[in-house]
Amino acid sequence: MNWINNVVRPKIRSFLEKREIPENLWIKCPETGEMVFHRDLEANQWVVPNSNFHMRLSSKKRLEYFFDQGEYTSIETPEVAVDPLKFRDQRKYVDRLKDAKAKTEMTDSVVVASGKVNGYDMTTAVQDFAFMGGSLGMAAGEAIIRGMEHAVEHKTPFVMFAASGGARMQEGILSLMQLPRTTVTVQMLREAGLPYIVVLTNPTTGGVTASYAMLGDVHIAEPNALIGFAGQRVIEQTIREKLPEGFQRSEYLRDHGMVDMVVHRHELKETISNLCNLLMKREAQLPVLEEKPAEPEASTEVAATP
Amino acid sequence: MRSYLEFEKPVADLEGKVQELKILAEGGEAVDVEDEIARLQEKADQALSDIYSRLTPWQKTLVARHPDRPHSLDYINTLISDFTPLAGDRKFSEDCAIIAGFGRFRGQSVAILGQEKGNNTESRLKHNFGMARPEGYRKAVRIMELANRFNIPVVSFVDTAGAYPGIGAEERGQAEAIARSTDMCLGLGVPNISIVIGEGGSGGAIAIATTNHVAMMEHSIYSVISPEAGASILWRDSTRAQDAATNMKITAEDLSSFRVIDEIIKEPIGGAHRAKEIVIDRAGNSIETALSKMAGLSADELKKQRREKFLRIGRELG
């Protein structure tokens, strides 16, 4: 039976799925079932035009939409010890890692970058759900720490785009230790007087919420994202009753005082930029002065100096 | 009546026989029974020592959860005089899963945070089996703030399967409460130390265990997720908890080898539940040593030591 469940069924399923969506040109809206052409989604930042369903976004796209003209500099993140636990569940952790790297062309689940957002310097870290569920292990922790340090060094605000199933269990206690470790650098941002904005995207759960993702100065959530500490199945098993409608969704968290606002993906950049400008007491950056066609770089430099 | 774990069966059988003989001896005159008792007791001791010298991670999990194992209140009642528990988070309610308050440890004022599992049905319900809701962590933050202001060290006894997974807990920000508690630990300008006395269950534990000095009892466990939950996620089969316990490296020895913890406190043969006084006294000595080492440090030095210690974790692994 196990063999059938583990080997045969997934094969049948993947075979059927491939047939259903040839070449992934048409993508099904998870909410309404509507088929949307991938170019239309792409043009709409992967938000389904009719239903407004926010699809998962790759870290690459996220950075592209966030930074001015889609231009940014990747920040190198430290290398970490690989598989110190020599972990093996149904597969070896090193094999899972290898697959995830091949599939995503990333080194781990968090990428860090800096660039301009509406003309001002900004540092950001993005968690990519495609890399082992965006799970938080040593590499991701170090990347976030490095990003926050970079923001402190360059006196920029720090924006965290969170998306994660939680701690990476294959790294055991070392993954749990990323909770206090990332909190250390959140404190450094605070001490440096720099805004720390968290954008909670679908899904952000587990240990990630129990640390840096819930320690922002401002919490912004994308619509209808799953955000919570305990898994829904675990809660249902514990209390033996059905969960309320919309439980652990962005709007629910806003109504319960855990996030400041639920913001459409199209409005994210402006919202964040405005918040940072207000907190840092700086003028809203004007798009390049019409009468003075100087290089935008130069004007930015001057304006960015506090 | 002593309760035995399944793998302690050989010991249980032998000690059962010893008990029977003792009862026989009390009733009669049989002289040679004395020798037999001594012989059996010796065998039982040997069996116990054999078993406990090579406990598997899963067996340690069972020892860590042993119903007779000393819990936070046992440590507090023995080690802390004038203990004055304080209640409530001043926001929503009191949460008895975490005991918090002030008292005197060997003459010195300390703040105490202790996750309490309870030891009978009534007290287990009262303490919610040691699984705190957001209010427990917010109370912990409140007590840490007080301790910081009055320049009093904080001592945590960690013993929880994890933070409570419930609707109310989620609504009131379980994750945020844990994160703020960890945050508070890292911001303290007074020494804080923690001892994992039973189970160190994930975020629910780290919230009060982000400390200058972290110790674990020899047979306690500390993990990112319970072996059962880990098995159900990684193997899709919660009966593989033994494999999860082994693979996740959750024992004091493992954590010490990863340099995640600073000290292992030895337990007597047969585990803490067989000699509570000895174990609690050893925990007391560990607390005293750790506190005296940090006595001369300034608030900034303490913060720096704690931050650097946590940032170092994992960086020295090959």
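Just so we're on the same page: letters track the sequence lines, and every chain starts at 1.
- Contacts between B:Ile250 and chain A at a heavy-atom distance below 4.5 Å are absent for every atom of the residue.
- Interatomic distance, B:Lys249 NZ to A:Ile173 CD1, rounded to the nearest 0.5 Å: 13.0 Å.
- Summarising the geometry of A:Gln90 relative to B:Trp235, their closest heavy-atom pair is NE2-O, 3.6 Å, with the distance given to 0.1 Å.
- Of all the heavy atoms in A:Ile235 and B:Ile167, the pair that sits closest is CG2-N, 4.0 Å.
- Across every non-hydrogen atom of B:Thr210 and A:Pro180, the tightest pair is CG2-CB, 3.6 Å.
- Looking only at side-chain heavy atoms (C-beta outward), B:Asp183 and A:Arg190 come within less than 4.5 Å of each other.
- Counting non-hydrogen atoms of other residues, nucleotides and ligands closer than 6.0 Å to CD of B:Glu122 gives a total of 12 or fewer.
- Nearest heavy atoms, A:Met138 versus B:Gly314: CE-O, 3.6 Å.
- Atom CE of residue A:Met169 and atom CD1 of residue B:Ile233 lie 4.0 Å apart, to the nearest 0.5 angstrom.
- Chain A forms the most heavy-atom pairs under 4.5 Å with one residue out of B:Thr246, B:Asp237, B:Val224, B:Ile178, and that residue is B:Val224.
- In this structure, A:Gln170 CD and B:Leu234 CG are separated by 5.0 Å, a value rounded to the nearest 0.5 Å.
- For chain B, the nearby part of A:Ile239 is the side chain; its heavy atoms alone come within less than 4.5 Å.
- For B:Glu94, the CD atom is densely surrounded, since the number of other residues' heavy atoms within 6.0 Å is greater than 12.
- With a threshold of 4.5 angstrom between heavy atoms, A:Val184 approaches chain B through its backbone and through its side chain.
- To the nearest 0.5 Å, atom OH of residue B:Tyr222 and atom CE of residue A:Met177 are 3.5 Å apart.
- Residues A:Met188 and B:Arg307 form a side-chain contact, since some pair of their non-hydrogen atoms from C-beta on lies under 4.5 Å apart.
- Interface remark: A:Thr209 contributes backbone and side-chain atoms alike to the contact with chain B (heavy atom separation under 4.5 Å).
- Proximity to chain A is limited to the side chain of B:Ile206, based on heavy atoms less than 4.5 angstrom apart.
- Enclosure of atom CD in B:Glu301 by more than 12 non-hydrogen atoms of other residues, nucleotides or ligands within 6.0 angstrom is indicated.
- Other residues, nucleotides and ligands contribute at most 12 non-hydrogen atoms within 6.0 Å of the CD atom of A:Glu79.
- For chain A, the nearby part of B:Ile225 is the side chain; its heavy atoms alone come within less than 4.5 Å.
- Contacts with chain A were tallied for B:Ala207, B:Ser202, B:Ala229; B:Ser202 has the most, counting heavy-atom pairs under 4.5 Å.
- Neither the backbone nor the side chain of A:Gln237 comes within less than 4.5 Å of any heavy atom of chain B.
- Other residues, nucleotides and ligands contribute only 12 or fewer heavy atoms inside 6.0 Å of the CZ atom of B:Arg236.
- Looking only at heavy-atom pairs under 4.5 Å with chain A, the residue among B:Ser181, B:Ala177, B:Ala179 that has the most is B:Ala179.
- For a residue to count as touching a neighbouring chain, one of its non-hydrogen atoms must lie under 4.5 Å from one of that chain's; by this rule A:Ile145 touches chain B with the side chain only.
- Proximity to chain B is limited to the side chain of A:Tyr252, based on heavy atoms less than 4.5 angstrom apart.
- When all heavy atoms are compared, the tightest approach of A:Met258 to B:Gly173 is CE-CA, 3.6 Å.
- Side-chain contact between B:Arg315 and A:Glu142 is present, with heavy atoms from C-beta onward closer than 4.5 Å.
- Contact of B:Arg180 with chain A is made through backbone and side chain together, with heavy-atom distances under 4.5 Å.
- For B:Leu255, the part sitting under 4.5 Å from any heavy atom of chain A is the side chain, from C-beta outward, and nothing else.
- Contact of A:Phe247 with chain B is made through the side chain alone, with heavy-atom distances under 4.5 Å.
- Here OH of B:Tyr164 is found 6.0 Å from OG1 of A:Thr238. Values are rounded to the nearest 0.5 Å.
- Of all heavy-atom pairs spanning B:Ser232 and A:Arg233, the tightest one is OG-NH2, 4.3 Å.
- You'll find the side chain of A:Leu176 stays beyond 4.5 Å of the side chain of B:Ser223, heavy atoms only.
- Of the listed residues (A:Leu179, A:Leu174, A:Thr183, A:Leu215), the one with the most heavy-atom contacts under 4.5 Å to chain B is A:Leu215.
- Counting heavy-atom neighbours within 6.0 Å of A:Glu153 CD, excluding the residue itself, gives a total above 12.
- Side-chain atoms of A:Asp89 and B:Asn247, non-hydrogen and from C-beta on, never get closer than 4.5 Å to each other.
- Using a 4.5 Å cut-off between heavy atoms, A:Gln248 contacts chain B through its side chain alone, with no backbone atom that close.
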